[in-house]
There are 2 protein chains.
Amino acid sequence: MERLGTGGSGGGSGREGGEGVGFRPLYRQVHDTLLRRLAEGVWQPGQILPSEGELARELGVSQGTVRKALDALTADSLLVRRQGRGTFVAEHDDKQSVFRFFKLRSEAGGEAAPESRVLARAEAPASVDERDRLGLVRQARVVRIERLRALDGRVCLIEAIALPASLFPGIAALDLPNTLYSLYANRFGLTIAVARERLRAVALSAREAGHLGAAPGSPALEIDRVAFDLDERPVEWRLSTCLTEHVHYQSILR
Amino acid sequence: MERLGTGGSGGGSGREGGEGVGFRPLYRQVHDTLLRRLAEGVWQPGQILPSEGELARELGVSQGTVRKALDALTADSLLVRRQGRGTFVAEHDDKQSVFRFFKLRSEAGGEAAPESRVLARAEAPASVDERDRLGLVRQARVVRIERLRALDGRVCLIEAIALPASLFPGIAALDLPNTLYSLYANRFGLTIAVARERLRAVALSAREAGHLGAAPGSPALEIDRVAFDLDERPVEWRLSTCLTEHVHYQSILR
DNA sequence: TAGTGGTCTAGACCACTCC
DNA sequence: GAGTGGTCTAGACCACTAA
């Protein structure tokens, strides 16, 4: 049992303790409490959460307040709600949610999932760039993965992935699935919540050109992605170089 | 006075008319009603809307239902709500909201707004590509605008804009501001609600290279944007070609 | 002081799922 | 039929703004 704010019955919003700066709405406190539990793995992906009523009683708030927090977590794709069944921790290995972080689309418009082939894997001391992107200390080590990926049967992308070795113990020895983020969640308890991508146009190096079957110097799209977990820690750095002859990067702005 | 659904007092959600497929929640009907009014220009950008209570009485629903609709419109950046003051139609000519649709960022991280210089303007029959992107009929005409844009004082981008001439009467004779979308809203009553961007890497043509001060064949980022108004009509096609030596395209994925 | 949006509660009924 | 989330209402009090 863990009560929040002033709780209790009757109207009023009920300020939390303290008197100065800090005022967080109750629904925000509930949101953060549930988010912390998700980050700690109290509920695993695919598992069902207690019902709105149970959570409300446990936390000492009204059902409407719990609902508002659950709605926010659902909007962030961390939960899935199904009428008549319950509220579940989102699983991101589904066909459709592969495309949550994968913005490349075939010109043909086919919704085929990308295939992957691992070229290399190794553990090594982190480079300066890797320490910078991942917020690592000087002595830190990383696991590096290099892959080729194909869309619609056409190889179009080569990507270099760097992971903090301390967060992914033993990953170098595992079979790597096509969608790494479900592996991160299921094996290492790390849920990717946000990613920041920076795109540039570059000329292919001779080595990249060889792997992609293109001429050296050809223009290519470089995608520099840092992915963050529920605690907003940088967890993965991924540098992708992509041929965009039959493929483009799609972005919807609102 | 315009009432929605079954309205009235007491509990119950109240289904709308008909018996078969269609069921739209009341708050959704309110949302659509308000959206239609915005699209029709009933309230101009910057103007205040009636209060929650007034809207609730007018539409014959509870204040909570109106609130839910207003919150959704606020989340879509169409409204701005200010505690103690009221609800306003969003204005998108502010400094910070220039970056709503402009995703290029200087490597230096400076938040300086981009500058523009118009190279050419003309009206002409729509090309096949323009008809395709803008959903135009065979005889339609477009206004074309070509601009150079600079970030941090460095020219980095050349863009070709195509507008349906029927939607923008007389735009060829106007002074063009740096941020076109506020002009679209204020002079032509067209609010841009969504844009779809497709990014590719291309090699600079000799002409583009000349304008951008780079070598022909240099890799550049091509941004193909179609912008839609509140009625989801395609309203602008913009093809930008950008040097990404000191600039990148930033995207946040959730 | 009056009016606005923001938060919180309590309770009703509906739609869906499963037993 | 029991239990879940989804919708809707009514009413209270708080925080902020402006006159």
Side-chain angles (χ1 to χ4, degrees), chain A residues 3-16 18-32 34 47-57 59-75 79-90, chain B residues 3-16 18-32 34 47-57 59-75 79-90:
Chain A
R3 289 190 155 246
L4 299 174
T6 60
S9 60
S13 64
R15 303 193 59 137
E16 67 191 59
E19 45 177 5
V21 282
F23 166 62
R24 310 191 64 149
L26 253 188
Y27 72 85
R28 198 59 181 134
Q29 299 178 48
V30 173
H31 174 277
D32 293 350
L34 298 177
Q47 282 186 357
I48 192 172
L49 267 67
S51 72
E52 293 182 354
E54 286 178 68
L55 287 170
R57 277 190 298 280
L59 299 172
V61 301
S62 81
Q63 189 168 337
T65 299
V66 168
R67 165 174 291 277
K68 195 158 180 177
L70 291 174
D71 283 346
L73 292 166
T74 303
L79 297 179
V80 174
R81 317 194 71 187
R82 280 192 261 263
Q83 193 176 43
R85 297 189 54 196
T87 302
F88 302 81
V89 182
Chain B
R3 291 192 152 246
L4 299 174
T6 60
S9 59
S13 64
R15 304 195 56 138
E16 67 193 58
E19 44 178 3
V21 280
F23 166 62
R24 311 193 64 153
L26 252 190
Y27 71 86
R28 196 63 181 132
Q29 300 178 49
V30 173
H31 174 277
D32 292 351
L34 298 178
Q47 281 186 357
I48 192 172
L49 267 68
S51 71
E52 294 182 351
E54 286 179 68
L55 287 171
R57 278 190 298 278
L59 300 172
V61 302
S62 80
Q63 189 167 337
T65 300
V66 169
R67 166 173 292 275
K68 195 159 180 175
L70 290 175
D71 283 346
L73 292 167
T74 302
L79 297 179
V80 175
R81 316 195 72 188
R82 280 192 261 264
Q83 193 177 36
R85 296 190 52 196
T87 302
F88 302 81
V89 182

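Per chain, numbering begins at 1; letters A, B, ... match sequence-line order.
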Would you mind reading off the distance between A:Arg57 atom CZ and C:dG11 atom C1', rounded to a whole angstrom? 15 Å
Please confirm whether the shortest side-chain N or O distance from B:Lys68 to OP1 or OP2 of D:dT7 is below 4.0 Å. yes
Looking only at the side chain of A:Glu52 (C-beta and beyond, no hydrogens), which of the listed nucleotides D:dG6, C:dC8, D:dT9 gets closest? D:dG6
Using the side-chain heavy atoms of B:Arg85, tell me which of these nucleotides is nearest: D:dT9, D:dT7, D:dT17. D:dT17
For B:Leu55 against B:Leu34, the heavy-atom pair lying closest together: CD2-CD2, 4.3 Å
Atom CZ of B:Phe88 and atom P of D:dT17 are separated, to the nearest Å, by 11 Å
Nearest-Å distance for atom pair CG/P, residues B:Leu55 and C:dG5: 8 Å
Tightest non-hydrogen contact, residues A:Glu52 and A:Val66, listed as O-CG1, 4.1 Å
Check the distance between C:dG5's P and B:Leu49's CG and give it to me in whole angstrom. 9 Å
Taking the side chain of B:Ser62 as heavy atoms from C-beta outward, which of C:dT4, C:dT7, D:dT9 is closest to it? D:dT9
Can you tell me the distance, in whole Å, between the OH atom of A:Tyr27 and the P atom of D:dC13? 21 Å
Determine the contact category for A:Arg82: base if any of its heavy atoms lies under 4.0 Å from a base atom, sugar-phosphate if only primed atoms, P, OP1 or OP2 are that close, otherwise nothing. sugar-phosphate
Atom-to-atom span, CZ of B:Arg28 to P of D:dC8 - whole angstrom: 12 Å
Atom-pair distance (CZ on A:Arg81; C1' on C:dT17), nearest Å: 15 Å
May I ask you to verify if any side-chain N or O of A:Thr87 is less than 4.0 angstrom from the OP1 or OP2 atom of D:dT4? no
Do A:Arg67 and D:dG6 share a donor-acceptor pair, side chain to base, under 3.5 Å? yes
Taking the nucleotide of DNA chain C with the nearest heavy atom to each, does A:Thr65 or A:Gln83 sit closer to the 5' end? A:Thr65
Where is the tightest heavy-atom contact between B:Ile48 and B:Arg85, given as atom of each residue plus distance? CD1-O, 3.8 Å
Whole-Å distance separating the CG atom of A:Leu70 from the P atom of D:dT7: 14 Å
Side chains of A:Val61 and A:Gln29: closer than 4.5 Å at any heavy-atom pair? no
Which atom names give the shortest non-hydrogen contact between A:Thr87 and A:Arg81, and what distance separates them? OG1-NE, 3.3 Å
